[in-house]
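To start, the structure itself, in structure tokens.
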Amino acid sequence: MNIDQIRELIQAVCDSGITELELERTGVKIRIRKEAPSSPAGSPTVTVETTGGVAPEVPGATGAAIPEGSGASPPAAAEPDLHVIRSPMVGTFYRAAKPDADPFVQVADRVRSGQTLCIVEAMKLMNEIPSDADGEIAEIYVNNGEPVEYNQALFGIRRTG
């Protein structure tokens, strides 16, 4: 997870009603905690705690950042020109609507913007994740039933013109 991903998580916590978010991935843990403002005009204090890494340069945050390359997203796509569809939430990734159903998409399938690619289950809710681009599925980064984190790469799409 890089510093930009940490900033996005901090912003998500600040913008939401939650007061604490904790993620753990391959032995690295990050916790973002929003404390009550000290005054009505003040902004919340965000605490970022991790194991290892370097101190982040995130305004209003304290703690250490997770080292680059050890985070939620898989390694960079084999093709740098792929459009990456990312998870909008933490949850469980499912390629099909039911265990015995065919997957929504497979590698080499052509997709249209708005077409459902997968489901991410979060808090017992099944959230359909649509494509935001027309193209061909070039990569599927996550296996069926695996947990996914916010902003984790799910699909690589080769755009068609």
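Predicted model only: the values in this text are computed from it and were never measured.
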Can you check whether Gln106 reaches Arg95 side chain to side chain, under 4.5 Å on heavy atoms? yes
Output the distance between atom CZ (Arg158) and atom CZ (Arg110), rounded to the nearest 0.5 Å. 9.5 Å
Rounded to the nearest 0.5 Å, how far does OG of Ser87 lie from OH of Tyr141? 14.5 Å
Partners passing side chain to side chain donor-acceptor pair (under 3.5 Å) against Asn143 (at least two apart in sequence or in another chain): Glu146
If I compare all heavy atoms of [X] with all of [Y], which pair ends up nearest, and what's the gap?
X      : Y      : answer
Ala96  : Ala101 : CB-O, 3.6 Å
Val105 : Phe155 : CG2-CE2, 3.7 Å
Gln152 : Val142 : NE2-CG2, 3.9 Å

Can I get a per-line list of side-chain donor-acceptor pairs under 3.5 Å for residues 114-134, giving both atom names and the distance, sequence neighbours left out?
residue: Gln115; atom: OE1; partner: Arg112; partner atom: N; Å: 3.1
residue: Thr116; atom: OG1; partner: Glu128; partner atom: OE1; Å: 3.2
residue: Glu121; atom: OE1; partner: Tyr94; partner atom: OH; Å: 3.3
residue: Asn127; atom: ND2; partner: Val120; partner atom: O; Å: 3.0
residue: Asn127; atom: ND2; partner: Leu125; partner atom: O; Å: 3.2
residue: Ser131; atom: OG; partner: Ala133; partner atom: N; Å: 3.1
residue: Ser131; atom: OG; partner: Ala133; partner atom: O; Å: 2.6
residue: Asp132; atom: OD1; partner: His83; partner atom: NE2; Å: 2.5
residue: Asp134; atom: OD1; partner: Ser113; partner atom: N; Å: 2.6

Set of side-chain contact (heavy atoms from CB on, under 4.5 Å) partners for Ala108, sequence neighbours left out: Glu136
Report the residues that fulfil ring-ring contact (aromatic ring centres under 6.0 Å, His included) with Phe104, sequence neighbours left out, ordered by chain and then residue number. none
Does Ile157 form a side chain to side chain contact (heavy atoms under 4.5 Å, CB included) with Leu82? I'd like the steps, not just the answer. CA-CA 5 Å; Ile157 296 178; Leu82 291 181; over 6 Å; no
Hey, mind stepping through Val148 and Leu154 against side chain to side chain contact (heavy atoms under 4.5 Å, CB included) and telling me if it holds? CA-CA 8 Å; Val148 293; Leu154 303 175; 3.8 Å; yes
